[in-house]
Enquirer: 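Structure below; questions to follow.
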Amino acid sequence: MTATIGYDEVEVGTELPPGTFPVTRDTLVRYAGASGDFNPIHWNERFAKEVGLPDVIAHGMFTMAEAVRVVTDWAGDPGAVVEYGVRFTKPVVVPNDDKGAVVEVTAKVAEKLGDRQVRVDIAATSAGQKVLGLARAVVRLA
């Protein structure tokens with residue numbers, strides 16, 4: 001597969017379609033099983049509070065993966081992402097209710113690089129708080 005978006009079709013400031021990603025306790029248990037990360041801060045409310053957290057929190061790598069989905073969906077190929085990095089700024093708190101939490105993601109082309117690549121800056125928030133900082137992906141376009 002290759003990216004379906006052409007390099008010549010975008011310019012600095014091009015906004016990617018935003019994404020909204022629900023996160024429930026069930027989501028966290030499934031991710032823990034898939035990733036092998038069974039740290040109790042991600043599923044045990046009592047333990048999370050004992051270590052000073054407000055409640056169970058989503059895995060950082062899960063949050064990071066959800067955020068880049070906006071980029072991979074836009075590009076049309078996950079393999080088009082050649083570089084990706086973030087800083088974790090706030091945890092995604094996931095209450096034990098029917099709603100859970102929501103991660104809202106926006107992104108835009110911040111720079112056109114050589115070799116048909118662009119840098120995409122990503123913003124991710126949950127409950128009005130910025131949960132990722134310096135979230136950037138380099139994407140090779142068609």
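Small disclaimer: the values here were computed from a predicted structure and weren't measured.
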Enquirer: Only one of Leu16, Val105, Val86 forms a side chain to side chain contact (heavy atoms under 4.5 Å, CB included) with Ile122, so which one is it?
Expert: Val105
Enquirer: Verify the neighbour count for atom CD of Glu15: are there more than 12 heavy atoms of other residues, nucleotides or ligands below 6.0 Å?
Expert: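 Counting neighbours around CD of Glu15, 12 or fewer heavy atoms of other residues, nucleotides or ligands fall under 6.0 Å, so no.
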Enquirer: For the hydrophobic clusters of this structure (ILVMFWY residues joined by side-chain heavy atoms under 4.5 Å, transitively), does one cluster hold both Val138 and Tyr84?
Expert: no
Enquirer: Closest heavy-atom contact between Phe38 and Gly33?
Expert: CZ-CA, 3.6 Å
Enquirer: Could you label the plane-to-plane angle of the Tyr31 and Phe62 rings as parallel, tilted or perpendicular, counting under 30° as parallel and over 60° as perpendicular?
Expert: perpendicular
Enquirer: How would you list all residue pairs meeting side chain to side chain donor-acceptor pair (under 3.5 Å) that involve residues 117-130, not counting sequence neighbours?
Expert: Glu111-Arg119, Arg119-Asp121
Enquirer: Taking all atoms of both residues into account, what is the closest heavy-atom pair of Val118 and Leu113, and its distance?
Expert: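 Looks like C-CD1, 4.1 Å.
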Enquirer: Given the rule in the side chain to side chain contact (heavy atoms under 4.5 Å, CB included) test, do Arg140 and Asp115 qualify, once you have shown the distances and angles that lead to the verdict?
Expert: CA-CA 8 Å; Arg140 179 169 286 113; Asp115 196 25; 2.9 Å; yes
Enquirer: Are Trp43 and Val51 linked, directly or through intermediate hydrophobic residues, by side-chain heavy-atom contacts shorter than 4.5 Å (ILVMFWY only)?
Expert: no
Enquirer: At what distance, to the nearest 0.5 angstrom, does CD1 of Ile57 lie from CD1 of Ile41?
Expert: 4.0 Å
Enquirer: For Val70 and Pro17, which heavy atoms make the closest approach, and how far apart are they?
Expert: CG1-O, 3.2 Å
Enquirer: Which heavy atom of Met64 sits nearest to which heavy atom of Leu132, and what is that distance?
Expert: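 That closest heavy-atom pairing would be CA-CD1, 4.3 Å.
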Enquirer: Quick one: are Glu11 and Thr14 in side-chain contact, heavy atoms under 4.5 Å?
Expert: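 Yes - at least one pair of side-chain heavy atoms lies under 4.5 Å apart.
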Enquirer: Taking side chain to side chain donor-acceptor pair (under 3.5 Å) as the cut-off, I'd like each qualifying pair that reaches into residues 63-72, sequence neighbours left out, listed once.
Expert: Glu66-Arg69
Enquirer: If you define the side chain from C-beta out and look only at heavy atoms, does anything of Val56 sit under 4.5 Å from Leu28?
Expert: yes
Enquirer: Are Phe21 and Met61 connected, step by step, through hydrophobic side chains (Ile, Leu, Val, Met, Phe, Trp, Tyr) whose heavy atoms are closer than 4.5 Å?
Expert: yes
Enquirer: Determine yes or no for a side-chain-to-main-chain donor-acceptor pair under 3.5 angstrom, with Lys112 supplying the side chain and Val10 the backbone.
Expert: yes
Enquirer: Determine whether Leu53 and Val131 fall in the same hydrophobic cluster, where Ile, Leu, Val, Met, Phe, Trp and Tyr are linked whenever their side-chain heavy atoms lie under 4.5 Å apart.
Expert: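 Hydrophobic grouping puts Leu53 apart from Val131.
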Enquirer: For residues Thr4 and Gly76, report the shortest heavy-atom separation together with the two atoms involved.
Expert: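 The answer is OG1-CA, 3.8 Å.
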Enquirer: Answer yes if Val81 and Leu141 sit in the same cluster of Ile, Leu, Val, Met, Phe, Trp and Tyr residues linked by side chain heavy atoms under 4.5 Å apart, and no otherwise.
Expert: yes
Enquirer: Residues two or more places apart in sequence or in another chain: which of them pass side chain to side chain contact (heavy atoms under 4.5 Å, CB included) with Ala142?
Expert: none
Enquirer: To the nearest 0.5 Å, how far apart are CG in Asn44 and NZ in Lys49?
Expert: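 So the CG of Asn44 and the NZ of Lys49 are separated by 11.0 Å.
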Enquirer: Could you tell me whether Glu50 atom CD has more than 12 heavy atoms of other residues or ligands within 6.0 Å of it?
Expert: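 It does: Glu50 CD has more than 12 such atoms within range.
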Enquirer: With side chains defined as the heavy atoms from C-beta onward, is the minimum distance between Asn96 and Glu45 less than 4.5 Å?
Expert: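 Of all side-chain heavy-atom pairs linking Glu45 with Asn96, at least one is under 4.5 Å.
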Enquirer: Ignoring hydrogens, what is the shortest heavy-atom contact between Phe88 and Gly60? Give both atom names and the distance.
Expert: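 Reported closest heavy-atom pair: CE2-O, 3.1 Å.
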